[in-house]
Amino acid sequence: MHSRNLHDVFAETETPFYFYDMRLFRRTVGELASLSSRYGIRVHYAVKANSQERLMKYIASFGFGADCVSGNEVLYSSRCGFRPENIVFAGVGKTDREIISSLKLGIGTFNCESLDEISVVNSLAASLGVRANVSVRINPDIDAHTHKYVTTGLYENKFGISRHEFEPLVQLLGQCGSVNFQGLHFHIGSQITDVAEVYGLECRRAAEIVTWFEDKGLTVENIDLGGGLGVDYEDPDGSPVPDFALWFRTISENLPLRPWQSVHVEPGRSVVAQCGTLISRVLFVKSGETKTFLILDAGMNDLIRPALYGAYHKIENLSALHRPGNFPVSAASSDAAEGLQAYDVVGPVCESSDVWGAGRLLPQSRRRDVMAIRSAGAYGQVMSSRYNLRDLAPAVYSDDLLPQEGE
Ligand code: LLP
């Protein structure tokens with residue numbers, strides 16, 4: 001994405017906007033498709049990570065399923081081409097209206113998160129004269145070694161059903177005449193980078209829990225291990241496509257399957273993070289008492305991850321890279337660190353937490369320089385808001401800017 005060509009196009013385009021590198025996106029989805037079919041693992045894309053219609057339709061065209069967390073995501077996924085029977089619906093707080101619309105659509109699975117929810121799904125299905133396919137989300141009490149706001153599989157988290165409710169759960173399932181029990185669902189967290197260790201543990205714990213339910217006489221057909229595969233925020237160009245092979249190998253080595261069982265996963269971030277970049281401009285360079293601020297025209301309303309989680313996103317000054325006499329320098333290479341300056345890169349929003357990065361080493365930067373905030377494709381545009389009545393940053397696709405990139 002560093003071609004002069006692209007920089008010139010960015011420089012002529014109103015900022016901020018989300019730029020999607022469609023070549024990288026297609027490569028990522030293609031690798032996910034070939035590796036998942038090699039390992040016989042079924043993929044449901046986690047729509048919450050990015051619901052841009054163009055991306056959704058492309059993902060759906062591979063026959064992947066969709067992992068949804070609201071009634072609207074369910075209906076929208078179906079409109080984007082995901083087959084209803086491949087849609088799974090998770091979430092701790094499904095409303096009656098969302099359950100009814102999903103039952104009418106005939107979705108593949110409700111990933112139920114509490115005993116109460118199973119009873120409600122059962123009675124709503126009965127009232128519609130249909131049967132609901134239900135998997136039970138289990139809280140396996142596993143530490144995913146990730147940020148506390150994206151850890152979901154510990155007993156202290158609100159997600160899933162914990163061990164002390166397993167016995168009453170089995171009894172309840174026996175009484176639910178309008179529910180087909182399909183299997184078990186797990187999702188322990190997001191941005192998991194200790195892939196072999198954490199997923200290995202998840203699989204071994206899942207296998208124990210599956211056996212427990214089988215011993216109670218239930219047939220567990222689906223084992224859904226959730227999403228969470230992390231991406232490299234530090235070095236997006238070094239690792240543009242996440243290591244799906246390691247993820248799937250870990251699963252196949254640690255989760256023994258019976259012939260009637262299938263494994264499902266729900267990746268979101270790993271599919272879309274690296275193809276998305278938030279493109280912004282320097283509005284002002286301001287000398288503070290102790291530091292220099294680069295004030296960008298993109299703010300926390302456009303991408304809330306740094307303000308909300310203290311998340312790191314690599315920042316590049318694309319214009320400086322293309323100025324005559326400059327050569328591509330990166331803070332990562334120490335001998336090139338000369339000529340770099342420390343900036344606090346901030347947004348325009350009226351909040352002190354609207355900071356893209358403090359003390360970032362960047363080339364000398366000027367007003368109107370085009371800036372790239374990398375790895376912004378997941379949980380970026382979907383979490384943006386109109387706070388301060390700011391406009392929503394639109395999506396711009398590489399295929400439209402550089403048509404020769406299209407395949
Ligand atoms: N399945 C379930 C049940 C989930 O709750 C999630 C994410 C996923 C799959 C997809 O996880 P992924 O592969 O994307 O890690 N806004 C936060 C991330 C929240 C993740 C919520 N659940 C962030 O920006 O880091």
Side-chain angles (χ1 to χ4, degrees), residues 42 44 47 65-78 82-140 152-153 158-187 205-226 257-266:
R42 303 209 195 150
H44 302 263
V47 173
D67 160 48
C68 300
V69 75
S70 72
N72 286 346
E73 279 192 0
V74 168
L75 298 176
Y76 174 73
S77 298
S78 146
F82 290 92
R83 301 231 307 269
E85 60 270 30
N86 291 336
I87 294 177
V88 301
F89 183 10
V92 293
K94 303 178 185 78
T95 65
D96 290 15
R97 200 159 68 117
E98 290 176 312
I99 295 169
I100 290 167
S101 61
S102 302
L103 283 168
K104 286 185 174 161
L105 187 68
I107 65 163
T109 307
F110 288 85
N111 283 328
C112 290
E113 308 227 12
S114 64
L115 273 60
D116 266 3
E117 185 192 331
I118 296 171
S119 302
V120 169
V121 169
N122 181 56
S123 59
L124 291 174
S127 68
L128 291 174
V130 297
R131 290 177 71 81
N133 295 324
V134 163
S135 275
V136 176
R137 177 157 177 187
I138 301 293
N139 184 327
T152 50
K158 67 181 173 184
F159 302 96
I161 295 175
S162 307
R163 194 171 272 274
H164 74 280
E165 288 198 303
F166 285 3
E167 291 280 1
L169 170 63
V170 172
Q171 278 176 20
L172 175 66
L173 287 169
Q175 295 154 10
C176 287
S178 298
V179 156
N180 296 327
F181 172 75
Q182 281 187 323
L184 302 177
H185 175 232
F186 306 83
H187 170 78
R205 188 70 54 85
E208 277 167 35
I209 297 172
V210 166
T211 306
W212 189 93
F213 280 88
E214 287 173 338
D215 289 347
K216 297 287 166 183
L218 289 165
T219 306
V220 178
E221 284 177 20
N222 293 356
I223 305 172
D224 184 336
L225 297 168
L257 290 182
R258 315 209 188 277
W260 57 86
Q261 288 176 330
S262 59
V263 183
H264 302 242
V265 291
E266 303 168 344

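With a 6.0 Å radius and a threshold of 12 heavy atoms from other residues, nucleotides or ligands, R83 has its CZ atom at or below the threshold.
Side-chain N or O atoms of N133 include one that pairs as donor or acceptor with a backbone N or O of G108 at under 3.5 Å. Without hydrogens or angle criteria, R163 side chain to I138 main chain gives no donor-acceptor distance under 3.5 Å. Put simply, the side chain of Q261 gets close to the backbone of V220: a donor and an acceptor are under 3.5 Å apart. The main-chain N or O of S262 is never found under 3.5 Å from a side-chain atom of N222 such that the two would form a donor-acceptor pair.
Residues F110 and V179 form no side-chain contact, since every pair of their non-hydrogen atoms from C-beta on lies 4.5 Å or further apart. A 4.5 Å side-chain heavy-atom check between F166 and V136 finds every atom pair outside the cut-off. By the 4.5 Å heavy-atom criterion applied to side chains, I209 and F186 are counted as neighbours.
Taking CD1 of I100 as the start and CG of L105 as the end, the distance is 13.5 Å to the nearest 0.5 Å. Rounding to the nearest 0.5 angstrom, the gap separating the CZ atom in F181 from the CG atom in L172 is 11.5 Å. Between Q175 atom CD and S119 atom OG the span is 8.0 Å, to the nearest 0.5 Å. For the atom pair E221 CD and L184 CG, the distance stands at 11.5 Å (nearest 0.5 Å). The distance from atom CG of D224 to atom CG of D67, rounded to the nearest 0.5 Å, is 7.0 Å. To the nearest 0.5 Å, atoms OG (S102) and CD1 (I107) are separated by 4.5 Å.
Taking each heavy atom of N111 and S135 in turn, the nearest pair found is OD1-CB, 3.2 Å. Taking each heavy atom of A206 and L225 in turn, the nearest pair found is CB-CD2, 4.1 Å. The heavy-atom pair separating L103 from A132 by the smallest distance is CD2-CB, 3.6 Å. Counting all heavy atoms, side chain and backbone alike, I118 lies closest to C176 at CG2-SG, 4.0 Å. Closest heavy-atom contact between N122 and G177: OD1-N, 3.5 Å. Contact between C112 and I161 at its shortest, heavy atoms only, is O-CD1, 4.5 Å.
Evaluated for a salt bridge (Lys or Arg N to Asp or Glu O under 4.0 Å) with R137, the options E117, E266, E113 yield exactly one hit, E113.
Cation-pi contact between K94 and F89: present, with separation from the ring centre below 6.0 Å and deviation from the ring axis of at most 45°.
Below 30°, between 30° and 60°, or above 60°: for H44 and H264 the angle between ring planes is below 30°, a parallel geometry.
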